[in-house]
Asks: 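Please read through the structure below; I'll follow up with questions.
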Amino acid sequence: MTADDQGAADGEAPALRVRGLTKDFGGIRAVADVDLVVGHGERVSVIGPNGAGKSTLFNLVAGAHSPTHGQIELFGEDVTRLPSRRRAHRGLGRTFQTSRLFTEMSVADNIYLSLVGRPRAVNRLRPVITDRVREQRVHELADLVGLDGTLATRVGELSHGEQRQLEVAMALGSDPRLLMLDEPAAGLSPSERSQLTELLLGLDTSVTVLLIEHDMEIALVVGERVVVMHEGEKLLEGPPGEVRGSHRVQEIYLGASYAGD
Ligand SMILES: Nc1ncnc2c1ncn2[C@@H]1O[C@H](COP(=O)(O)OP(=O)(O)OP(=O)(O)O)[C@@H](O)[C@H]1O
């Protein structure tokens, strides 16, 4: 099956389809004519060296930037001109590279706020969501990311790794159908990285995952398919083994430590 068939095999539109996506910042072409399809329930990692265009691609899909050219479809709907808030209503959840946690508040309160802020359209459809139901959901989400023992802890007292886990819980608070993670392993210790990897591997496949990640190991372990970007373009797309074995990728990104693999 080709990447373009992913998710379309059962006749459904894919979770995400990007066509000819291009973003210029003045004279800099940050993203150049990128095509990408992410099928339902797929885990796709986007990797690439500094300045490859990963974050710009992420921000285009999330709606934080508008493209110079190209089209973005979420679950079959053209969202290219929709603001990020309305993409969230359509099932897109995201984390941020810079933490947006309320560090003076508890873990439970942070997760609770992510639920209260859930899309209004969903609230209208479920007017019976009570505080009790939300509290239950806070516990479920904390449990899911391994923070059930820290619900009362002030977020500022959590380790960096725990804060990233919390961000994943909060992104899941809006019940996204497509979860986009922006370099979730940045600044984590090796043990925190393996904890995060376990968490991502354990996510239910009802949630499609697009992971933008500088850390090769996490990207190749979590992603069933890996997209390599270089100088704004999609250089290569394939299963982790193919990407790991590519000399071109080794040249541009993996460096000497991988060159002998
Ligand atoms: N807001 C902006 N204004 C001008 N140039 C930008 C802007 N954002 C990104 N760029 C440029 O676009 C190119 C791609 O940057 P981008 O941040 O998307 O790469 P990246 O792969 O995410 O890199 P990193 O791994 O360092 O975060 C770079 O040349 C960068 O300097």
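Sequence positions, counted from 1, serve as the residue numbers for this chain. Remember, it's 1-based here, ligands and their atoms both numbered in the order they're listed.
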Asks: Could you tell me if any non-hydrogen atom of Gly48 lies under 4.0 Å from any atom of ligand 1?
Replies: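 Judged by the 4.0 Å heavy-atom criterion, Gly48 does not count as contacting ligand 1.
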Asks: Just checking, Lys23 and Phe25: is the charged tip under 6.0 Å from the six-membered ring centre and within 45° of the axis?
Replies: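 Geometry flag: set, cation within 6.0 Å and 45°.
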Asks: State, yes or no, whether a side-chain contact exists between Arg248 and His230 at a heavy-atom distance under 4.5 Å.
Replies: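 Touching, per the 4.5 Å side-chain cut-off.
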Asks: Looking at Thr56, which atoms of ligand 1 are within less than 4.0 Å of one of its heavy atoms?
Replies: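 Counting from 1, the qualifying ligand atoms are 9 (C), 15 (O), 16 (P), 18 (O).
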Asks: Numbering the atoms of ligand 1 from 1, which are under 4.0 Å from a heavy atom of Ala52?
Replies: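 The list of qualifying atoms is 19 (O), 20 (P), 21 (O).
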Asks: What I'd like to find out is whether the side chain of Val155 reaches to under 4.5 Å of the side chain of Met105, using heavy atoms alone.
Replies: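 No; the side chains remain at least 4.5 Å from each other.
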Asks: Decide whether an N or O pair under 3.5 Å exists between Ile28 and ligand 1.
Replies: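 In this structure, Ile28 places no N or O atom under 3.5 Å from an N or O of ligand 1.
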Asks: If you measure from each non-hydrogen atom of Glu183 to ligand 1, which part falls under 4.0 Å: side chain, backbone, both or neither?
Replies: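 The part of Glu183 near ligand 1 is the side chain, not the backbone.
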Asks: With sequence neighbours excluded, give me every salt bridge (Lys or Arg N to Asp or Glu O under 4.0 Å) pair touching residues 27-38.
Replies: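 Every salt bridge (Lys or Arg N to Asp or Glu O under 4.0 Å) pair that includes a residue of residues 27-38, provided the two are not neighbours, is Asp24-Arg29.
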Asks: Between Arg225 and Glu42, is the closest basic N to carboxylate O distance under 4.0 Å?
Replies: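 Looking at Glu42 and Arg225, the cut-off is met.
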Asks: Could Arg19 and Asp78 be called an ion pair, given the rule that one side-chain N must be under 4.0 Å from one carboxylate O?
Replies: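 Salt bridge between Arg19 and Asp78, a charged N being under 4.0 Å from a carboxylate O: no.
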Asks: Take every heavy atom of Pro49, measure it against each atom of ligand 1, and state whether any distance is under 4.0 Å.
Replies: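 Contact check Pro49 vs ligand 1: positive.
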Asks: Could you tell me whether His65 and ligand 1 have an N or O pair separated by under 3.5 Å?
Replies: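 It does not: no N or O of His65 is found under 3.5 Å from an N or O of ligand 1.
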Asks: Spell out, as yes or no, whether a donor-acceptor pair under 3.5 Å connects the side chain of His139 to the backbone of Ala108.
Replies: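 No; judged by distance alone, with no hydrogens or angles, the pair does not exist.
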Asks: Suppose I only count heavy atoms of His214 and a 4.0 Å limit; which atoms of ligand 1 are within that range?
Replies: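 Counting from 1, the qualifying ligand atoms are 25 (O).
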Asks: With atoms numbered from 1 as shown, which atoms in ligand 1 lie under 4.0 angstrom from a non-hydrogen atom of Ala30?
Replies: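 In order of number, 12 (O), 13 (C), 14 (C).
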